[in-house]
Amino acid sequence: MRTVDVAAHNAVMSEPTESFTDEEYAFLRHVRFGELPPAVRPEERVELTETDARRDRPEQGGSPEEWALRNGPG
């Protein structure tokens, strides 16, 4: 059975042998995401005010009884 030196194998796999130019990366982005929408000009920008619940935390759902079931005996 053939054995492979894991450390050597991972080192070869994690380091690219060549790098793309900025133009090549721009082309790959275009192929993947398509044409970008036009930039918003400063005079078209508006200030937003957050009126909804915070989006960085999930809403707490369920009743206290449901939470007791989820968290187990306390």
Side-chain angles (χ1 to χ4, degrees):
M1 180 194 279
R2 191 172 134 195
T3 61
V4 176
D5 182 8
V6 176
H9 178 71
N10 287 340
V12 171
M13 295 299 289
S14 63
E15 296 179 18
T17 57
E18 59 185 61
S19 181
F20 292 115
T21 65
D22 289 343
E23 291 82 16
E24 290 170 326
Y25 276 123
F27 173 75
L28 292 173
R29 277 192 301 274
H30 179 73
V31 168
R32 182 171 181 185
F33 300 110
E35 190 69 32
L36 293 176
V40 178
R41 296 189 315 240
E43 61 269 11
E44 295 175 343
R45 295 179 187 170
V46 295
E47 185 176 344
L48 297 179
T49 304
E50 288 289 332
T51 57
D52 295 334
R54 293 180 59 167
R55 290 180 269 171
D56 61 339
R57 295 184 187 156
E59 293 181 20
Q60 184 170 347
S63 64
E65 293 82 18
E66 185 180 341
W67 278 101
L69 287 173
R70 289 183 186 183
N71 295 329

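Predicted model, so just to flag it, every value in this text is computed and none were measured.
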Applying a strict under-4.5 Å side-chain criterion to I, L, V, M, F, W and Y, I'd like to know whether Val31 and Phe20 cluster together. yes
Among all residues two or more places apart in sequence or in another chain, which pass the side chain to side chain contact (heavy atoms under 4.5 Å, CB included) test with Glu44? Val40, Arg41
Rounded at 0.5 Å granularity, tell me how far CZ in Phe27 sits from CG in Asp22. 15.5 Å
dist Asn71:CG -> Glu66:CD (nearest 0.5 Å) comes out at 10.5 Å
May I ask you to check whether over 12 heavy atoms, not counting those of Glu43, lie within 6.0 Å of atom CD? yes
